[in-house]
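For reference, the structure is listed below as structure tokens.
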Amino acid sequence: MRNQWIYYYTGVVTAKASGQGLERFINNLTRSGIKIWDLKKHGEETLTFKISLAEIKRLRPIVRKSGCKVEFLRRTGFPFILKRILKNSGFFVGALIFAAVIFVLSNMVWGIEINGADPETEHKIRKELDKIGVQTGKLQFFLADPEGIQRAITDNLEEITWVGVELQGTTYHLQVVEKTIPEQPEKLGPQNLIATKKAVIVDMFVEEGQPVVDINDYVKPGQLLVSGSIGKEGKTKSVSAKGEVFGETWYKSEVSISLKTNFKVFTGNEKRKHYLKLGSFSLPIWGFGKTEFKTYETEKEEKTFRFLKWELPISYIEETHRESEKVMRTYSENEAIEVAKEMARQDIKNDIPEDATIKGEKVLRQTTQNGKVYLLIHFQVIENIAKSYPIIQGVSE
Amino acid sequence: MAKKWGHQVKNWMTKHMELPQDVMMDLPRITMIGQIHIYIENHRGLLAFSDKEVRLLLKQGQLLVKGKAFVIKTILPEEIMLEGKIDQVIYVND
């Protein structure tokens, strides 16, 4: 017996033949090599049988000769299933569109939650987020990663000390720590002004209190500058001394600078490659060919697609190859000294208060050794050296 | 005369050379599985077919199969496989 299930793939038709001389018709079919099976007689003049779809064409001339009538009753098998699928393709297209819509919606930003900020700061953060494109309804794919958002916000908003950005599914959670600027307590209690460091007084501006030092006086740290006790001997009263005392202070800074320095700089040439990563396999989709740069740095940005709450093993990778170059910087000795001085100035500025000014600078020592220039620079700085210090009540002077 | 002579040679050969008779003499080979299947090789065509009776042409005479609920599972020019409930297998010689 033949493997009739094979015919399932080519298609099977159940046919009904009726008329006179059915037996002759069957003999003609078999003799011309057409395979038929499952013949059943229904009554006197009807016969049902199965035939392969591929042999229907050859059936026709034999039917015509025999004088029987043939109808096709049922079509089974793969080609007919395929036909039905095509007919019902709307359903499948719908399912596909549904999945696509879910996929797109899963990759969208649906909410931005900001915790730990007062309404004003929150509003500012939202504005900042709008600026960089983080809005509800945007596709995550085109947005910066959480670290980038974090950087953008902390860089652009002064009110916050730190912000933690976390992406949970379709919602960005922002944890904000606000800067709390302590309010300057109004010092109403009696107080003196004392020196914070050794200095020579150059200027004084006393709002209240009795100055006890003069211009050009040399003061040591902790020395009384402006007394809070005013009035004549025996009739003193304590007030809150207020004012600014500017003194000339001294700083030393030691800097060293190499005459020759090697740098790695980017030439600005870059090549971008785009990949679609499926599991562990990366499929290049744009940017083919080898990178021709001699030396380059690679930057990789990966964006993962998600479906509902799951992360798909599919991600989009953008690789940027930046050409780098080694550059040697050479200074002449004079140039090196200038640069070193500038460095020293910057160094000092970090140490002194903002309202202080550099009055003068003097190179104390300058040596060139092993291709390096060493400088010891002395700076004269004018700054406010006064600090309030409370007068403890009950302690008589 | 010549035909008879040939027939006799064939007969003799099958007897003495142990060749299968259905091959040598164009006889039907009938295989039956209980009452439910009958497999007939070497037939010469279908003469009549209904659900109670199948009549087959042989080289010599006819073969009549009687029973109930006959279905021809396969039919090829010289082979036929019949399914149903077989009651009788009758050789009909004119």
Side-chain angles (χ1 to χ4, degrees), chain A residues 1-8 10-56 58-59 61-63 65-70 73-74 76-77, chain B residues 22 26-94:
Chain A
M1 196 163 159
R2 249 161 214 96
N3 267 337
Q4 270 153 16
W5 58 266
I6 283 233
Y7 293 119
Y8 183 79
T10 56
V12 175
V13 178
T14 309
K16 187 176 99 176
S18 51
Q20 295 280 325
L22 284 172
E23 284 80 8
R24 205 178 325 122
F25 172 59
I26 295 166
N27 287 333
N28 285 341
L29 283 181
T30 54
R31 272 176 206 143
S32 51
I34 297 171
K35 279 162 209 101
I36 52 171
W37 64 93
D38 281 359
L39 288 86
K40 260 177 243 175
K41 199 77 181 274
H42 303 274
E44 279 299 304
E45 292 185 348
T46 40
L47 172 84
T48 57
F49 61 93
K50 283 180 183 167
I51 183 164
S52 165
L53 176 66
E55 286 179 333
I56 291 284
R58 294 169 60 201
L59 179 73
I62 298 162
V63 172
K65 248 189 271 169
S66 71
C68 297
K69 240 174 84 182
V70 173
L73 299 178
R74 238 158 56 84
T76 39
Chain B
D22 58 321
D26 275 335
L27 296 172
R29 168 181 276 252
I30 301 171
T31 315
M32 274 182 85
I33 301 166
Q35 270 186 299
I36 54 167
H37 278 272
I38 183 160
Y39 184 59
I40 303 150
E41 289 164 89
N42 265 333
H43 73 86
R44 287 286 176 269
L46 192 66
L47 287 177
F49 168 51
S50 73
D51 58 342
K52 287 190 185 66
E53 192 185 81
V54 172
R55 195 183 282 264
L56 291 167
L57 184 70
L58 301 177
K59 191 158 185 226
Q60 280 185 325
Q62 294 172 3
L63 185 74
L64 185 63
V65 184
K66 282 187 173 179
K68 280 179 205 107
F70 280 161
V71 172
I72 299 175
K73 286 312 269 184
T74 342
I75 181 158
L76 292 168
E78 298 199 329
E79 289 167 38
I80 183 166
M81 182 162 172
L82 199 64
E83 206 183 76
K85 190 169 183 281
I86 298 142
D87 292 330
Q88 288 174 300
V89 180
I90 303 159
Y91 281 97
V92 183
N93 295 304
D94 305 335

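These numbers come from the heavy atoms of this one structure, side chains and all, not from hydrogens, waters or symmetry mates. Each chain gets a letter, A, B and so on, in the order the sequences are listed, and its residues count up from 1. Given the structure is predicted, the values throughout are model-derived calculations rather than measurements.
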### Message
Within the 4.5 Å heavy-atom criterion, are B:Ile40 and B:Glu79 side-chain neighbours or not?
### Response
no
### Pairs of heavy atoms under 4.5 Å with chain B: top-ranked of A:Lys50, A:Arg24, A:Arg31
A:Arg31
#### Entry: Proximal component of B:Leu47, with respect to chain A [non-hydrogen, under 4.5 Å]
backbone
### Query
When you look at CZ of A:Arg58, are more than 12 heavy atoms from neighbouring residues, nucleotides or ligands closer to it than 6.0 Å?
yes
#### Entry: A:Leu47 versus chain B, the contacting section by heavy-atom distance below 4.5 Å
side chain
### Task
Determine whether B:Leu27 and B:Asn42 make a side-chain contact, defined as any pair of heavy atoms from C-beta on separated by less than 4.5 Å.
no
### Query
Are the charged groups of B:Lys68 and B:Asp51 less than 4.0 angstrom apart, N to O?
no
